[in-house]
Asker: 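What follows is a single structure, and I will ask about it in a moment.
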Number of protein chains: 2
Amino acid sequence: MNVKPLTTQEEVLALLRVEILTGELQPGQQIVQDALAEKFGVSRVPLREALKILEGEGQVTHHPHRGYFVAELSVGDLHEVYRLRALLEREAVTAAVANITDRDLFKIAELAKEVHTATSTGEVLAITAANREFHFAIFELCEMPRLVRLLRQLWDATDVYRSVYFAQAPNRERILLEHDEILNALAARNVERSISWHDTHRDNSVASVSAVISG
Amino acid sequence: MNVKPLTTQEEVLALLRVEILTGELQPGQQIVQDALAEKFGVSRVPLREALKILEGEGQVTHHPHRGYFVAELSVGDLHEVYRLRALLEREAVTAAVANITDRDLFKIAELAKEVHTATSTGEVLAITAANREFHFAIFELCEMPRLVRLLRQLWDATDVYRSVYFAQAPNRERILLEHDEILNALAARNVERSISWHDTHRDNSVASVSAVISG
DNA sequence: GACCGGTAAATTGGATCCAATCCAGAAAAT
DNA sequence: ATTTTCTGGATTGGATCCAATTTACCGGTC
């Protein structure tokens, strides 16, 4: 198969995402390049290039000669991200329904099952990963690569909080049902219903998360 | 004043944007790091960091061990970008109208005048710059920083074509009128009209540009 | 005691150097 | 003649080293 060995910067990028996601690197905290590079066993060059990518995604901020800092999300930011997601995901879903094939539906159904199995294990990281794959399998169908890229950025920005969301058992139960509803709506090629289930899915998420933040 | 000396990577980033904008670096062309670094009189490190930023914006693509290439925009890409702009700019304008003050209006009117003077000189680069300032002065009012960031990315992606647009005299005339209409609609705090003038403004632009591309 | 200026340590930014990978073209095999 | 394999040059990726900037600390002054 086509298993290219990853470059160091790609590995470092993945590691950084995990560090941020798990809270190993906390919001607001400075990222000391020397320390992290040594921790990862690499030099600072690939680390800095990975940080530049995260900067572009808004995951970290950069102040010249002062360094990189893990971005902090206020409640306002959170709502902004979800508002933008609403706009863009509606567009993506609309286009997706227009393009969707039975083969696609089958694949998405498979991914929904994987969310199910991941949920039964209870491992939060596995659930978020599976959940993400499920949703982006749908978004990808819109055949608008830039739109998908923007959506990935928005999802990345709130990954930290999403894992908080999945940590609560009732939420885990609910998303399974909502995924099924989304799947049904897609199978029926019903744009309205597909969108509205996506909306409620998001709304539940943002409500739960902002309760955690402000609480 | 607060005139911090720019870091090398910031300078290089600005230079790269100009090179791409002016077509010095043509779409699809490989960016040979050594050659460009020498041309700019810097080492490859800051160049690579600047390229990483452009990669995040979709202005260049990166293939590991093969290098960076100036991104090519197909007609399909162009339409996608403008579709996304439509979605996001409507949101931005709606929020902007809600926030706009008389002071803001005055400032925007000033910027509109600057587009006017730039147009009279006929220098395309100056026109695009002034035009951009005018529009983003409006978008900024939405007080949604991420939204503005996304819009900047989308604008950057099609900057090359926008200068083609401004190169044609009839277009230059028309945008002045459209800007006035936008200004009027904003002054009246009329969301509907503000949005619809933005829409026609964009539609004229995309129609003209895609005629150039495919023609 | 608070404030200001200066100096040293820590940290980032950039340049240079070396290693790994890719690619074109020559040589060899079918 | 076409395809395959090898090899040298070019180019990118990463490590190390040096320079520039910031920041924290300390002593002095009002």
Asker: Hey, are B/Lys39 and B/Glu19 close enough for a salt bridge, meaning a charged N less than 4.0 Å from a carboxylate O?
Answerer: yes
Asker: Please name all residues satisfying side chain to side chain contact (heavy atoms under 4.5 Å, CB included) with B/Ala109, sequence neighbours left out, ordered by chain then number.
Answerer: B/Leu183
Asker: If the condition is salt bridge (charged side-chain N to carboxylate O under 4.0 Å, His left out), which residues does B/Arg44 pass it with, not counting sequence neighbours?
Answerer: none
Asker: Considering the terminal five base pairs at each end of the helix from C/dG1-D/dC30 to C/dT30-D/dA1, what angle separates the two local helix axes, rounded to 10°?
Answerer: 20°
Asker: Counting distance only, does the side-chain N/O of B/Glu91 pair as donor-acceptor with the main-chain N or O of A/Leu84 below 3.5 Å?
Answerer: no
Asker: Given atom CG of B/Leu36 and atom C1' of D/dT12, what is their separation to the nearest angstrom?
Answerer: 14 Å
Asker: Side chains of A/Thr128 and A/Asn131: any donor to acceptor distance under 3.5 Å?
Answerer: no
Asker: Return the set of residues passing side chain to side chain contact (heavy atoms under 4.5 Å, CB included) with B/Val160 (not counting sequence neighbours), or none when no residue passes.
Answerer: B/Ile20
Asker: Tabulated below should be each protein N or O lying under 3.5 Å from an N or O of nucleotides 8-15 of chain C; please produce it.
Answerer:
{"from": "C/dT12", "atom 1": "OP1", "to": "A/Gln30", "atom 2": "NE2", "distance (Å)": "3.4"}
{"from": "C/dT12", "atom 1": "OP1", "to": "A/Ile31", "atom 2": "O", "distance (Å)": "3.1"}
{"from": "C/dT12", "atom 1": "OP1", "to": "A/Gln33", "atom 2": "N", "distance (Å)": "3.4"}
{"from": "C/dT12", "atom 1": "OP2", "to": "A/Gln33", "atom 2": "N", "distance (Å)": "3.3"}
{"from": "C/dG13", "atom 1": "OP1", "to": "A/His62", "atom 2": "NE2", "distance (Å)": "3.0"}
{"from": "C/dG13", "atom 1": "OP1", "to": "A/His65", "atom 2": "N", "distance (Å)": "3.4"}
{"from": "C/dG13", "atom 1": "OP2", "to": "A/Gln33", "atom 2": "NE2", "distance (Å)": "3.4"}
{"from": "C/dG13", "atom 1": "N7", "to": "A/Arg44", "atom 2": "NH2", "distance (Å)": "2.8"}
{"from": "C/dG14", "atom 1": "OP1", "to": "B/Thr8", "atom 2": "N", "distance (Å)": "2.5"}
{"from": "C/dG14", "atom 1": "OP1", "to": "B/Thr8", "atom 2": "OG1", "distance (Å)": "3.0"}
{"from": "C/dG14", "atom 1": "OP1", "to": "B/Gln9", "atom 2": "N", "distance (Å)": "3.3"}
{"from": "C/dG14", "atom 1": "OP2", "to": "B/Gln9", "atom 2": "NE2", "distance (Å)": "3.0"}
{"from": "C/dG14", "atom 1": "N7", "to": "A/Arg48", "atom 2": "NH1", "distance (Å)": "3.3"}
{"from": "C/dG14", "atom 1": "N7", "to": "A/Arg48", "atom 2": "NH2", "distance (Å)": "3.4"}
{"from": "C/dA15", "atom 1": "OP2", "to": "B/Ser43", "atom 2": "N", "distance (Å)": "2.8"}
{"from": "C/dA15", "atom 1": "OP2", "to": "B/Ser43", "atom 2": "OG", "distance (Å)": "2.7"}

Asker: Which residue in the set B/Thr8, B/Ile53, B/Leu51 passes side-chain contact (heavy atoms from CB on, under 4.5 Å) when paired with B/Leu13?
Answerer: B/Ile53
Asker: Side chain to side chain contact (heavy atoms under 4.5 Å, CB included) with A/Arg172: which residues, sequence neighbours excluded?
Answerer: A/Thr119, A/Ile127, A/Ala169
